[in-house]
Structure formats: C-alpha cells, structure tokens
Engineer: 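Please find one structure pasted underneath; my questions will follow.
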Protein chains: 2
Amino acid sequence: MNDTIAPIERQSLHDTVTERIRDMIVEGTYQPGSRLPERVLCETLGISRTPLREALKVLASEGLLEIAPNRGARVAGLTAEDVDELFPVMGALEALSGELACARITETELAEIRALHYQMVLHHTRGERPPYFEINQQIHEKILEAARNPTLAVAYNNLSGRIRRARYTANISATRWAQAVSEHEEMLEALAERDGPRLAGILKRHLHNKCETVKAALAAAE
Amino acid sequence: MNDTIAPIERQSLHDTVTERIRDMIVEGTYQPGSRLPERVLCETLGISRTPLREALKVLASEGLLEIAPNRGARVAGLTAEDVDELFPVMGALEALSGELACARITETELAEIRALHYQMVLHHTRGERPPYFEINQQIHEKILEAARNPTLAVAYNNLSGRIRRARYTANISATRWAQAVSEHEEMLEALAERDGPRLAGILKRHLHNKCETVKAALAAAE
DNA sequence: CCGTATCAAATTGTATGCAAAATACAATAA
DNA sequence: TTATTGTATTTTGCATACAATTTGATACGG
C-alpha cells in the first residue's frame, strides 16, 4: 500500500499532506498506538520534515494523533471512555444538524437523500457492508450540508474522524443493522415532514445506539 | 497567572507559542483582517520561523487565522453570518454541558460556582464590566468542567475562542446586562436542583440572547 | 540472573538557507 | 493624470543543518 503516489504540487503541500495522513489513519494504514516516525512519513510522501511536521501538529490538535515532546507522534487510540465522551457531543451536533436541515432543506436535496436511502436499503438486504457504510456516511453528510452551517459541519467531522476507523471495522450485528435501517427510515419521514424536533430526537437515539455498537466492537477487538 | 512573558523554554515551544499567539488575537493585539507577518511574530516571540509556522497552521485549523497560500496569515474576521453559524453550535454544546453537569456536579463545585455567581452579581451592581466578563467566563468554564467531558470542553472552547474577542469589546446594554444576570440566577437554581433539561434550556436561551448582543456589537463597530 | 550505568545511534526540536511567489514602486506610455 | 509594465524588495514555502533528547544495546556490579 506504500507505492509513493507521489507528485503533489511543488508549493502548498500543507493541505494535501494533512489530508493524506488523515486518510492513512482513517483507513487503518497505521494502527492506533503505532508510532509515526517523521523519517518514514517523509519518505512515503516524498517531502521534507518541515511541511510534514506542520501537518502532524494540525492532526494532533484534531485529536487524531498524540504528540509527546521529544517522542514523536502516535495514532491516537480509542478507548471506551473516549467513545463515551465523543458520542454525546456528536449526538448534540447531529441533533442540531437535523433541526437546521428540516428548516432549510430543499426538495431536490430531500430527493437526493431519499435516493441514497433506498440504495442503502438495497445494500442492507444484500448484506453488503462496505457500500452500506459508504452510503450511510453520505446520507449523514447530506443532512449536514442541508443544515447550511459549515462551522457545524467542520466541528462534527472533526469528531467523527476519530471514530470513523472504528466504525469501518465495526462488525455490526444483524439485529442492530436492521434497527439502524429502520432508524434511517424514520429520519427520512421526519425530514420529509420538516419535523425538526422529531428528526433531532431520532438522530440522537440513532447515535446513542451507534455508540453502543462501536463500544462493543472495541471490546471485541481486544 | 502566567506572567513569565519572555523566556519560553528552549525545547517544546509549540504549545507555548500557540497559546501566546492565541492570546494576542483574543486580547485584540492584532485586529481582524490584519496581517501576521512571520518575521514580526518571530521577533516578538524570539523564536525562529519553524515552530512559529507550526503554531500558525494549528490556529488556522481552529479558525482563528486564515492562511492564504504564499500570502501569509491574517486574523480571521467575524461577520454576522459567522456569528449566526457559531452560536447555534455553541448553544447545542452548552446545553449538553448543562445536562451533563447536572448529572455529575459535586456539592463543592456547586458551592464554587455559587460563590463566583454572587461575586459576578456584585460586579454587575457596581457596573464593573471587565471583571464581570472575567467571572462570567469562569462560571461557564466551571460548568463545562463539571460536565466531565474534556472532548466537549475542547470543542466548545475552540468555537468560543473565535468570538471571545467580540464579547470582550461588546458594549452590553444595561437592559441586556440585567437580563443576563437574571439568566445566570436561573442557571444556578437549575444546577442546584440538578434539573438538566431546564439548565439546558436556560443555557440555550442565554446563548441565543448573547448572540444578538454580539451581532449588535459587530454592527455598531462598523 | 537481574538491575543499573554508560555511550552510540536514532529521533525529535529548532534554526537557517535557498527558491518561488507576491508586493511595492518607479519608469514609461496612453 | 491614469494605467501598465518591469524590477527590486519582501515574504512565504520547502529543504537542509545543527542541537537536544530519547532509545536501546552493552558492560558492569550486585
């Protein structure tokens, strides 16, 4: 997986590099707790330490990495306590995004989400997990987009990045999976009715359940 | 309390530098929109460009600065639209912090907040704005602390940093000031009764009102 | 055998150097 | 005068160099 994809433009590496490393972490190229020696990353990305370190500091400030003075960066682990901290915050933000989306979503956007939803349902009935998760993610992003609040979106994505890896690998149970789909069905209804409080409630519950799933997956992984 | 202004340790500057620049921005040393030439900051802080740039990237990722490629950093301005985006998010987070605090606060912490509250009331009756704001800030921090959720605290403080400057300079009206104090009174009651939903509601309303105050101040500043 | 001291290698933290881009400004032309 | 273009200066982006700290391997003493 380490084929220097390289060329990156000569100037303005920062955002690219940050994104590249973020992807590697989310996709599990580096496991939680594993060290990220600057030298290795420099060679992988074909850049020098200066822009690399700038990217590392930013990722650390997002909570994706932990940098110990004079000891370098590690991929931040995710404990059950972390999950218990993260999900209530994400729940509050998702609830808000639901309320705002109901107030602001257009018919076109709603139709897009509906299309995604039924595609996701199809993946569920076929038992295809990766595409299911992919579309699931897209639906939540669409709702965030419909909320028309970039600040909210950034804050949410920051937090969600820290558990996305866990969610990828989470081996969801059939029961929970069916429940999640049914929750999504409810979301669609609430969105169509522009019932903000209802959507907020569903999202909060949805995320609470997801929290339990992720924690179970974490426990199983050990 | 951190009156070692100059010396900064020789190694591990990053956090110190970041904090230092953050303070300068919040305290208004650099006005919104003004450039932050690396050279100037380097000389001010007595460090070289490498650690400085790392700090700038982090602050930019927090939304406090804007970095244009090859054009350097500027203090991010705050438009009415920004405020309209920020406050609902902060409101959601404060509401959550209120709920959690009610569930977890100790009697000691409650007593501390009560003491701060009445000190703040005193500053109000005396018309002393700066100390009032200072204590106000401390009370909200104490509530966040009582919520026992560092992730929440970090997310909140990130957003709050972007408007703290505006709140400092906001020339609050007598009416609004009295209203804010009364809202704080209610908060204390709800906290004492451990009434999470009520505290959440008050905080949301409190923040909504604050939002209007800040927007008015922004409008007045032009 | 285990713990500790010591020293070389590796790794991180900071400073400096060099190239590219932007900015400022003066000279010229319309 | 105003617009424009060419040039010098400044500023940023990245790479490299040097300093400080950690790491881990080895030797020594208990």
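Every chain is numbered from 1 and lettered A, B, ... according to where its sequence line falls, protein lines coming before strand lines.
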Engineer: Need to verify one output field. Residue with the more 5' nearest nucleotide on DNA chain C, B:Ser48 or B:Arg74?
Structural biologist: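 Final value for this comparison: B:Ser48.
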Engineer: Which whole-number value in Å describes the distance from B:His14 NE2 to C:dA15 P?
Structural biologist: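 Result: 14 Å.
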Engineer: Specify the separation, in whole Å, of atom CD1 of B:Ile67 and atom P of D:dT12.
Structural biologist: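 Result: 10 Å.
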Engineer: What I want to check is whether an N or O donor and acceptor connect the side chain of B:Arg71 with the base of D:dG13 at under 3.5 Å.
Structural biologist: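 Absent.
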Engineer: State whether A:Glu66 and A:Arg74 are salt-bridged, where the test is any N-O pair (Lys NZ or Arg NE/NH1/NH2 against Asp/Glu carboxylate O) under 4.0 Å.
Structural biologist: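 No salt bridge links A:Glu66 with A:Arg74.
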Engineer: To the nearest Å, how far apart are B:Leu52 CG and D:dT11 P?
Structural biologist: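 Going from B:Leu52 (CG) to D:dT11 (P), I get 14 Å.
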Engineer: Whole angstroms only, please: what is the CG-C1' distance between A:Asn70 and D:dT21?
Structural biologist: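 Checked: the CG to C1' distance equals 5 Å.
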Engineer: B:Glu43: which residues meet the side chain to side chain donor-acceptor pair (under 3.5 Å) condition with it, sequence neighbours left out?
Structural biologist: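 B:Glu43 satisfies side chain to side chain donor-acceptor pair (under 3.5 Å) with no residue once adjacent residues are dropped.
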Engineer: Strictly below 4.0 Å, heavy-atom distances to any atom of DNA chain D: list the hits from residues 33-44 of chain B, or just say none.
Structural biologist: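 Residues of residues 33-44 of chain B that come under 4.0 Å of DNA chain D are, in numerical order, B:Arg35, B:Pro37, B:Glu38, B:Arg39.
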Engineer: Could you tell me the separation between the CZ atom of A:Arg53 and the P atom of D:dG13, rounded to a whole number of Å?
Structural biologist: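 Nearest whole value for this atom pair: 17 Å.
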Engineer: With respect to the phosphate group of C:dT14, does any side-chain polar atom (N or O) of B:Thr50 fall under 4.0 Å of OP1 or OP2?
Structural biologist: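 For B:Thr50, the contact criterion (side-chain N or O under 4.0 Å from OP1 or OP2 of C:dT14) is not met.
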Engineer: Reading DNA chain C from 5' onward, which residue's closest nucleotide shows up sooner: B:Arg49 or B:Glu54?
Structural biologist: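 This one resolves to B:Glu54.
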Engineer: Is it the case that the side chains of B:Glu27 and B:Thr29 hold a donor-acceptor pair, with the cut-off being a distance below 3.5 Å and no angle test?
Structural biologist: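 There is no such pair between these side chains.
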Engineer: Would you give the length of the straight line joining atom CG of B:Asp15 to atom CD of B:Glu54, rounded to the nearest 0.5 angstrom?
Structural biologist: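 Spacing of CG (B:Asp15) from CD (B:Glu54) equals 10.5 Å.
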Engineer: Just say parallel, tilted or perpendicular for the rings of A:His206 and A:His140, cut-offs at 30° and 60°.
Structural biologist: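 Parallel: the ring planes of A:His206 and A:His140 meet at under 30°.
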Engineer: With no hydrogens and no angle check, just 3.5 Å: does a side-chain donor-acceptor pair link A:Ser160 and A:Asn157?
Structural biologist: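 There is no such pair between these side chains.
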